[in-house]
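Here's the structure we're looking at; comments come further down.
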Number of protein chains: 2
Amino acid sequence: MSEGYLKGRIRRDDIVSAAAAVYGEAGYHGASLREIAKRAGITHAGLLYHFPTKEALLAAVLERRDAEDAVREQLSAPPGLEVLRRFIALAEHNVRHRGIVEVYSRLAAEAVSEAHPAHAYFARHYREARDSIAQSFHALAETGELRPGVDPDLAALTFVALMDGLQVQWLTTPTHVDAVGSLRLSLQTLLTVPLFPN
Amino acid sequence: MSEGYLKGRIRRDDIVSAAAAVYGEAGYHGASLREIAKRAGITHAGLLYHFPTKEALLAAVLERRDAEDAVREQLSAPPGLEVLRRFIALAEHNVRHRGIVEVYSRLAAEAVSEAHPAHAYFARHYREARDSIAQSFHALAETGELRPGVDPDLAALTFVALMDGLQVQWLTTPTHVDAVGSLRLSLQTLLTVPLFPN
DNA sequence: CCTACCGATCGGTAGG
DNA sequence: CCTACCGATCGGTAGG
């Protein structure tokens with residue numbers, strides 16, 4: 001509650017923002033505490049006063065991302081079309097914030113190794129995304145809104161894979177890739193009802 | 001033609017193999033010449049006798065990958081079903097060689113930055129893959145083998161994205177992801193004829 | 001190809 | 001939060 005606490009929280013937020021930016025440019029292992037600290041306006045020893053190790057800072061970056069996504073996705077939505085629309089909205093948000101996509105793609109590729117400190121985070125992240133989308137596809141199947149012959153679980157897996165793959169291609173050659181349009185069209189192909197009715 | 005030349009080529013091949021392995025584990029920037037050299041059985045200074053800089057070694061790794069893919073894909077195939085079958089076969093080959101997938105995914109994520117020495121390589125790689133697959137979808141459309149309403153260019157983009165995205169999810173949680181099966185089913189969904197007739 | 005070295009940079013710590 | 005420092009490691013070079 002004191003001013004000291006508030007200032008500390010703001011400073012920590014600045015450090016986390018700077019860290020996310022540098023992770024996007026250099027990856028986690030390639031990011032130096034000195035570069036992150038410089039962008040936050042302190043020394044690298046000062047950074048280590050707020051976050052005792054390099055890994056603790058990574059954990060803070062991932063925690064903040066989860067918190068932001070939770071707000072945006074509104075966990076409250078019941079399985080169904082609305083959940084899928086929110087994933088499209090997430091993709092729309094991402095293409096307007098390239099930095100978010102960069103840090104996410106870089107960390108995901110680094111973290112395939114079980115030795116990477118963010119491995120468990122991404123394994124859980126993928127599992128939750130697949131489960132959430134699979135539940136929605138299952139719900140749509142029961143109401144006849146899923147195209148016949150489409151397997152809900154496999155569709156969920158491919159939908160998540162498509163989001164990720166489109167992001168890397170879009171980052172590499174932005175002019176040639178319409179990530180949101182492609183994602184929306186692919187999803188619509190799986191449905192018998194309009195995803196976005198006019 | 002002399003034995004000296006042959007030995008030099010074999011040694012260079014060993015270095016390139018070791019480099020690809022370390023890139024897969026640590027990424028390009030995270031890979032040290034000393035670690036690569038150790039696996040090839042020489043010192044890091046000895047490595048620099050064969051490849052003058054770290055970037056020159058990366059170029060050699062990418063060149064060899066292109067050469068291997070060219071052999072496997074048999075550039076000769078005319079646009080159509082056979083080209084698509086070969087991409088499925090490539091995915092089958094990849095899941096039996098996890099190391100190949102690791103190095104490819106890590107480098108692709110690193111190389112989204114225009115400053116990365118492999119950026120031009122991946123931009124070209126994506127463009128060529130999209131073009132090749134788009135040509136095949138266009139050919140299939142003319143013979144009625146592409147499902148009506150499917151846009152050939154957009155389908156090509158999503159097919160490439162799906163291959164990449166499935167690989168990262170498979171690397172992260174291998175037990176939960178059937179990369180080849182998902183890819184094959186997604187592709188079959190776009191067609192009016194069986195991709196693999198019984 | 002190796003030994004030996006260079007300047008630069010890394011994450012982390014001591015002490016205040 | 002900073003100054004000052006630690007041992008370790010980096011890519012690259014000199015000289016053979």
Side-chain angles (χ1 to χ4, degrees), chain A residues 2-62 106-107 110-111 113 115-118, chain B residues 2-62 106-107 110-111 113 115-118:
Chain A
S2 83
E3 196 189 340
Y5 279 14
L6 177 62
K7 267 201 309 208
R9 214 178 50 201
I10 291 174
R11 174 50 50 93
R12 286 169 59 94
D13 264 7
D14 289 346
I15 296 171
V16 170
S17 297
V22 179
Y23 292 169
E25 295 169 22
Y28 168 68
H29 283 122
S32 78
L33 297 181
R34 281 166 175 85
E35 176 62 27
I36 295 167
K38 198 207 297 184
R39 298 199 193 187
I42 57 174
T43 65
H44 95 282
L47 186 158
L48 287 165
Y49 165 79
H50 293 285
F51 300 95
T53 65
K54 196 183 180 185
E55 273 195 35
L57 178 54
L58 173 62
V61 169
L62 296 178
R106 294 255 341 203
L107 289 183
E110 271 187 354
S113 159
H116 194 284
Chain B
S2 83
E3 196 190 340
Y5 278 18
L6 178 60
K7 268 202 310 208
R9 214 176 51 201
I10 292 175
R11 175 49 50 91
R12 286 169 58 93
D13 264 7
D14 289 346
I15 296 171
V16 170
S17 297
V22 179
Y23 291 169
E25 295 169 23
Y28 168 69
H29 283 121
S32 77
L33 298 182
R34 281 167 176 83
E35 176 62 27
I36 295 167
K38 197 207 296 181
R39 299 199 193 187
I42 56 175
T43 65
H44 96 282
L47 186 158
L48 287 165
Y49 165 78
H50 292 286
F51 300 94
T53 66
K54 195 183 181 187
E55 272 195 38
L57 179 55
L58 173 62
V61 169
L62 297 177
R106 294 255 341 201
L107 289 183
E110 271 188 353
S113 158
H116 194 283

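Keep in mind it's a predicted model, so treat the numbers as computed, not measured. By convention in this document, chain letters (A, B, ...) are assigned in the order of the sequence lines, proteins followed by strands, and residues within each chain are numbered from 1.
Put simply, T43(A) has a side-chain N or O that comes within less than 4.0 Å of OP1 or OP2 on dC2(D). Taking 4.0 angstrom as the limit, H44(B) places none of its side-chain polar atoms (N or O) nearer than this to OP1 or OP2 of dG11(D). Regarding contacts with the backbone of dC1(D), a side-chain N or O of R11(A) is found under 4.0 angstrom from either OP1 or OP2.
The CZ atom of F51(A) lies 10.0 Å from the CD1 atom of I36(A); values are rounded to the nearest 0.5 Å. R39(A) CZ to D14(A) CG: the interatomic distance, rounded to the nearest 0.5 Å, is 13.5 Å.
Look at OH on Y28(A): it is 14 Å from P on dC10(C), rounded to the nearest Å. Between the C1' atom of dC10(C) and the CD1 atom of I36(A) lies a distance of 12 Å, rounded to the nearest Å. Atom CG of L47(B) is separated from atom P of dT3(C) by 15 Å (rounded to the nearest Å). Whole-Å rounding puts the E35(A) CD to dA8(C) C1' distance at 15 Å.
If you check dC1(D), dG12(C), dT3(C) against the side chain of Y49(A), the one that comes closest is dC1(D). Residue A45(B) has its side chain nearest to dA4(C) when only dG11(C), dG11(D), dA4(C) are considered. In the set dC1(D), dC1(C), dG11(C), dC1(D) carries the atom at the smallest distance from any side-chain atom of I42(A).
The residue L33(B) sits close only to the backbone: its heavy atoms come under 4.0 Å of sugar-phosphate atoms, none of a base. Across all strands, A31(A) comes closer than 4.0 Å only to sugar-phosphate atoms, never to a base (heavy-atom distances).
The 5' end of DNA chain C is approached more closely, in terms of each residue's nearest nucleotide, by S32(A) than by the other of P52(A) and S32(A).
Aromatic rings of H116(B) and H29(B) (six-membered ring for Trp) have centroids within the 6.0 Å cut-off, being under it.
Pair check for dC6(D) finds dG11(C); Watson-Crick or G-U wobble, both atom distances under 3.5 Å.
A side-chain donor-acceptor contact under 3.5 Å links E110(B) to the backbone of Y28(B).
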